[in-house]
Amino acid sequence: MILTMYNQYQDDQSYPIWLVVTIDKDIWEKEIVYFSVHQDIEQKDMDEIPEDTLSFSVYPEDLVRSSEIFGKVGINLTQVKNRVSVQHTRFPDSTHLLIRVIDLEDVLAFSNIR
């Protein structure tokens, strides 16, 4: 799993907009996949978001916060898969899961803990 933060620049400031979680095909078999917001996250500009890899949006209701480790967030892959399986019955070797940073911040601030 690879985490990449895509930032937008405005008034000489960098603002994080999207966190992109790149997962391999075998990860889709899990119900929830967790990652830490404290791990190394590559920083890129918004105009560098790749367009050649299948991407799915992660909705706020797909995100869960770990009750065990601060800063650990999960993506409910079952919910994402159920939503996108109407159009995609097979998943490629690599998939981008797009998370709005504002949604991630909300999950970390509130208590929807699993």
Side-chain angles (χ1 to χ4, degrees):
M1 177 179 341
I2 300 170
L3 302 181
T4 308
M5 184 71 69
Y6 288 91
N7 302 293
Q8 181 174 337
Y9 289 90
Q10 184 176 1
D11 300 326
D12 295 326
Q13 292 276 15
S14 174
Y15 299 95
I17 305 296
W18 291 101
L19 176 66
V20 176
V21 180
T22 304
I23 61 171
D24 294 329
K25 182 170 46 175
D26 59 325
I27 300 292
W28 283 107
E29 297 173 15
K30 297 182 179 186
E31 179 182 346
I32 297 175
V33 63
Y34 287 93
F35 61 91
S36 173
V37 296
H38 301 294
Q39 71 188 65
D40 287 335
I41 300 176
E42 186 177 3
Q43 303 290 319
K44 292 189 177 185
D45 294 337
M46 284 289 291
D47 60 355
E48 296 180 77
I49 293 180
E51 297 178 13
D52 60 344
T53 303
L54 188 60
S55 299
F56 299 118
S57 292
V58 174
Y59 296 165
E61 58 268 19
D62 299 330
L63 297 171
V64 292
R65 188 176 72 182
S66 170
S67 60
E68 300 168 5
I69 301 174
F70 178 76
K72 194 171 185 181
V73 177
I75 301 169
N76 187 322
L77 292 177
T78 301
Q79 287 181 191
V80 175
K81 190 168 26 177
N82 288 341
R83 187 173 56 249
V84 301
S85 65
V86 174
Q87 296 176 334
H88 301 278
T89 55
R90 291 183 57 222
F91 294 97
D93 291 339
S94 181
T95 306
H96 293 309
L97 300 176
L98 306 172
I99 303 170
R100 292 184 330 159
V101 170
I102 193 166
D103 294 338
L104 186 59
E105 291 171 343
D106 286 347
V107 167
L108 292 170
F110 297 109
S111 61
N112 62 339
I113 300 173
R114 278 204 190 177

Please check if atom CG in Asp40 has more than 12 non-hydrogen atoms from other residues, nucleotides or ligands closer than 6.0 Å. no
Which atom pair, heavy atoms only, marks the closest approach of [X] to [Y]?
{"X": "Ser55", "Y": "Leu98", "value": "CB-CD1, 3.9 Å"}
{"X": "Lys72", "Y": "Tyr34", "value": "CE-CB, 3.4 Å"}
{"X": "Met46", "Y": "Trp18", "value": "CE-CD1, 3.5 Å"}
{"X": "Gln79", "Y": "Glu61", "value": "NE2-O, 3.0 Å"}
{"X": "Met5", "Y": "Ile41", "value": "N-CG2, 3.5 Å"}
{"X": "Asn7", "Y": "Ser14", "value": "CB-OG, 3.3 Å"}

For residues [X] and [Y], determine if any side-chain heavy atom of one lies less than 4.5 Å from a side-chain heavy atom of the other.
{"X": "Glu48", "Y": "Thr4", "result": "no"}
{"X": "Val64", "Y": "Val107", "result": "no"}
{"X": "Phe35", "Y": "Leu19", "result": "yes"}
{"X": "Tyr6", "Y": "Ile17", "result": "no"}

Value rounded to 0.5 Å, distance of [atom1] in [X] from [atom2] in [Y]:
{"X": "Arg100", "Y": "Ser57", "atom1": "CZ", "atom2": "OG", "answer": "9.5 Å"}
{"X": "Arg65", "Y": "Leu108", "atom1": "CZ", "atom2": "CG", "answer": "7.0 Å"}
{"X": "Ile27", "Y": "Thr22", "atom1": "CD1", "atom2": "OG1", "answer": "11.5 Å"}

Between Asp24 and Asp26, is there a donor-acceptor pair closer than 3.5 Å when you use the side chain of the first and the backbone of the second? no
Are any side-chain N or O atoms of Asn82 and backbone N or O atoms of Thr78, one a donor and one an acceptor, separated by less than 3.5 Å?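 A pair under 3.5 Å: yes.
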Check salt bridge (Lys or Arg N to Asp or Glu O under 4.0 Å) between Lys44 and all other residues, then give those that pass, not counting sequence neighbours.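 For Lys44 the salt bridge (Lys or Arg N to Asp or Glu O under 4.0 Å) partners, ignoring immediate neighbours, are Glu42.
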Would Val21 and Ile99 count as a side chain to side chain contact (heavy atoms under 4.5 Å, CB included) here? Give the steps. CA-CA 8 Å; Val21 180; Ile99 303 170; 4.0 Å; yes
Assess the residue pair Val20 and Leu97 against the criterion (side chain to side chain contact (heavy atoms under 4.5 Å, CB included)); give the C-alpha distance rounded to whole Å, side-chain angles, the decisive distance to 0.1 Å, and a yes or no. CA-CA 6 Å; Val20 176; Leu97 300 176; over 6 Å; no
Would you say Ile2 and Val73 are hydrophobically clustered, going by side-chain heavy atoms of ILVMFWY under 4.5 Å? no
With a 4.5 Å cut-off on side-chain heavy-atom distances among I, L, V, M, F, W and Y, is there a chain of contacts connecting Val101 to Tyr59?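 Val101 does not cluster with Tyr59.
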Side chain to side chain contact (heavy atoms under 4.5 Å, CB included) partner of Ile75, chosen from Ile32, Val80, Ile23: Val80
Going through the checks in order, is the side chain to side chain contact (heavy atoms under 4.5 Å, CB included) test met by Phe56 and Lys81? CA-CA 9 Å; Phe56 299 118; Lys81 190 168 26 177; over 6 Å; no
